[in-house]
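Computation of the quantities below employed the complete heavy-atom set of this structure, encompassing side-chain atoms and omitting hydrogens, waters and symmetry-equivalent molecules.
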Amino acid sequence: MSLERPILWLLLVVGVIASLYVAMRRDRVEQANTSVDVGIEYAEVRQVALLASIDVEQALRRLRDAGAPSLILSEDTLTSLRQSGAASFMRVLRQFGAPPQFELRFPDTAVAERVRRNVAGRLRVSLPWAPRTPAKWMPVPEALTDVPELGVGLDEQALARAADAKMRIAVRPAPAAVATGKGIEFVANEMRRAGACVVIFSGKAVLGHPGQSETTAEALPKARLLYGSVEFGKQLGDQSLSRALDGEVIRVHAITAAEMATMSPAVGVERFVRAVRERNVRFCYVRLFLDSRPDVLEANVKYLRATAERLRSSGFTLGPAQPLQDFVSPQWALIAACVGVVAGVVLLITAIGRLSFIGWAGLALLGIAVAVAGLWMAPALSRKLFALLAALTFPVLAVVRLHHVHSRRCRSYGGLLGGALGAYLSCAAVSLCGACLIVGLLSDRLFMVKVDQFTGVKLSLHLPLLAVGVIYLGAMFASKPSWREQCRLAVHNWRTALATAVPYGHVLIVFAILAGAAVILLRSGNEPGFGLSQAELSFRSMLERILVVRPRQKEFLVGHPLLLLGIALMLCGTRRGTWVLLACATIGQTSMVNTFCHIHTPLRISVLRTVNGLWVGAVLGIILITIYWFARRPLQPEETPSEPPASAAETDRRQAGSRANGHEGPHV
């Protein structure tokens, strides 16, 4: 027996064990971070109070008690002050023919002082002001009229109401025109002086963009402020600031005002609970329903109460949001995981073509040397490249290993089910080895809060399908004594397949498969190419209610059932066309591995999603096998007496002759 497979499998097991150690440490970090904050906008609370004809203070207390302990305050800007009547720009002609002067006028002295202080702190411009009855005026440079979104501090009345309601404060500073280190420090200190704990920047960019991310990353911790990064927000500078903070950020989920116009409270609750449970979100930015119904306050109270109750029932507590603990995979575990990936790659190569001891050992040593050098010189890039290699390799290895199944014939229904389920679980175990190695490679805080992420998701979902189809179509199963003869056999099989007349029905099937692959490609990721129908949304919600964590549809509806059916066909001796089923079924294996590539999803959620997909897919696959078994029996011809079976020597001679003529491999 050759030593290559035991040694390579041993290296793979070592890498998996090291990755499991990393996974357990990561799970402890995730389970310790259970405090979730829920915040509502002050401006929306004022609208609700107006619609409900009650005081703002009373509305704040009702909404706080329902499950919103934080109040989100947006910073005033020159534009918002003018719109509210708290300030006005005046163009004054002091003397005929002289250039005009510009003034800011304020009815309230406190607002004037706040504006003067903030303009001076952000722009380093001194603005004198003088009281004048009945208004207060302030001469300003003409250039100030070009920055209408300049932040000028927080509304003192809103701060006082938040304090009276005993609510935590989250702020939305306006970072426009703040371009110096002193200005950035001033903004951070001003927000902390107001009592804020979390900052969620407004506008298209974060404070310090571009070029000042490091300065902002130093100013926020000094002011004891946490940065709230809005997922799917696409603010300029978000990634660079989060990276400069070394992942010490709070993930925020918000539903846009446009979505709120057509969204029901039940869907909103599901959105927030799913974001907290499945994407490590720890701040729920809840927008209120602002329609003109008479019970608008009570409707929002029920909405917040339902959100809070669902969060508590999911194992979370309402409290101040905290960043994840700093977590990095140890270096020895990274090396072991890379060695495991190398072992998987060499196992796949040896499954396709035979290699000598020097060949496979040299490949393994070269791969290990590249891994060690990469982790030393470019650790972040190397980890992502080896994770991508694992995602591409292990689903293919898992399905290619099934080629020997056709040698075992099942004559009974029970034997067919047992053999198919055994091969199915074996295939899943190999794919999950690759998933485990990816967890070991990418588990650290930057990936867990999605500051960094796995690259090549769409490639890893679809390239293995093509690889499995090419391998099975060419019968590339290391059946020849050398790589040259193996390649010659594969080329012969490919030419034979291309020269074979194809019925129109088969062409339609191929087009249907390509269309399905295109749909999967467009729908993968957080921003699919097209939306979901209402029926599919209802189906997904039903699965979540029943299974807690919804499995991926491409796994339990497509990949896993087709894999079981393909294995059953091979066990029944049907080899023609099974390569198509196995190639399509590979989507289930790639999807399982891809689940664990989303490091920002808690590990327990990924495990439960995978388990649900496996058992539900197995049930559907058993149904397909049962239909196939009982449908094929009436079609089988009655057995007739035939000549005695050939001896073992005669069988070997015939097989040798077949191989010599280049006809080995599954029929296509």
Taking every heavy atom of Val328 against every heavy atom of Arg25, the minimum-distance pair comes out as O-NH1, 3.9 Å
Nearest heavy-atom approach of Leu288 to Leu63 is CD1-CD1, 4.0 Å
- Query: Salt bridge or not for Arg26 and Asp444, using N-O below 4.0 Å?
  - Reply: no
Distance-only polar pair, side chains of Asp238 and Tyr227, donor-acceptor under 3.5 Å: yes
* **Chi angles and distances behind the salt bridge (charged side-chain N to carboxylate O under 4.0 Å, His left out) call for Asp27, Arg604** => CA-CA 7 Å; Asp27 180 66; Arg604 294 191 182 188; 3.0 Å; yes
- Between the side chain of Asp108 and the main-chain N/O of Ala110, is any donor-acceptor distance below 3.5 Å? yes
Original post:
Does a side-chain N-to-carboxylate-O contact under 4.0 Å join Glu544 and Arg274?
Top reply: yes
Heavy-atom nearest pair, Gly268 first then Ile255, reads CA-CD1, 4.0 Å
Value for CD1 (Ile250) from CD (Gln322), rounded to nearest 0.5 Å, stands at 6.5 Å
Applying salt bridge (charged side-chain N to carboxylate O under 4.0 Å, His left out) to Glu190 and Arg122, what does each step give before you reach the verdict?
CA-CA 10 Å; Glu190 190 75 0; Arg122 295 162 193 252; over 6 Å; no
Paired with Pro602, the side-chain contact (heavy atoms from CB on, under 4.5 Å) test is passed by just one of Val276, Asn280, Val29, namely Asn280
- Message: Taking the basic N atoms (NZ, or NE/NH1/NH2) and the acidic carboxylate oxygens, is any pair closer than 4.0 Å for Glu278 and Arg609?
- Response: yes
Smallest heavy-atom separation, Val187 atom then Pro173 atom, equals CG1-CB, 4.2 Å
Indicate yes or no: does Arg116 engage Glu113 in a salt bridge with an N to O separation below 4.0 Å. yes
On a heavy-atom basis, the closest approach of Ala194 and Leu159 is O-CD2, 3.7 Å
### Query
Just by distance, with hydrogens left out, do Thr79 and Glu149 show a side-chain donor and acceptor under 3.5 Å apart?
yes
- Query: Between Phe272 and His253, how do the two ring planes meet: parallel, tilted or perpendicular, split at 30° and 60°?
  - Reply: perpendicular
ask   = Is the side chain of Ser213 donor-acceptor paired with the backbone N or O of His209 at a distance under 3.5 Å, no angle test?
value = no
How far apart are the C-alpha atoms of Glu231 and Lys450, what are their side-chain angles, what is the distance that settles it, and do they pass the salt bridge (charged side-chain N to carboxylate O under 4.0 Å, His left out) test?
CA-CA 9 Å; Glu231 63 170 357; Lys450 211 177 180 181; over 6 Å; no
* Flag, side chain of Glu259 to backbone of Thr256, donor-acceptor distance under 3.5 Å -> yes
Of all heavy-atom pairs linking Ala174 and Ser202, the shortest is CA-OG, 3.7 Å
Is it true that the side chains of Asn594 and Arg552 contain a donor and an acceptor less than 3.5 Å apart? yes
Subject >> N/O donor-acceptor pair under 3.5 Å between Ser35 side chain and Pro320 backbone >> reply: yes
Check: Quick one: do the Glu218 and Thr215 side chains pair a donor with an acceptor below 3.5 Å?
Finding: no
Q.
For Val296, is there any backbone N or O sitting under 3.5 Å from a side-chain donor or acceptor partner on Asn300?
A. yes
Using a 6.0 Å cut-off, check whether atom CZ of Arg46 has over 12 heavy atoms from anything other than its own residue. no
- Item | Criterion ring-ring contact (aromatic ring centres under 6.0 Å, His included) on Phe454 and His598, from CA distance to verdict | CA-CA 7 Å; Phe454 175 84; His598 297 278; 8.1 Å; no
- Task: Please check if the side chain of Arg172 supplies one atom and the backbone of Ile200 the other of a donor-acceptor pair under 3.5 Å.
- Result: yes
Check: Should Lys384 and Asp452 be marked as a salt bridge (charged side-chain N to carboxylate O under 4.0 Å, His left out) after you check the CA-CA gap, both sets of side-chain angles, and the distance that decides it?
Finding: CA-CA 10 Å; Lys384 289 197 278 190; Asp452 207 346; 3.1 Å; yes
**Electrostatic pair Arg282-Asp37, nearest N-O below 4.0 angstrom** = no
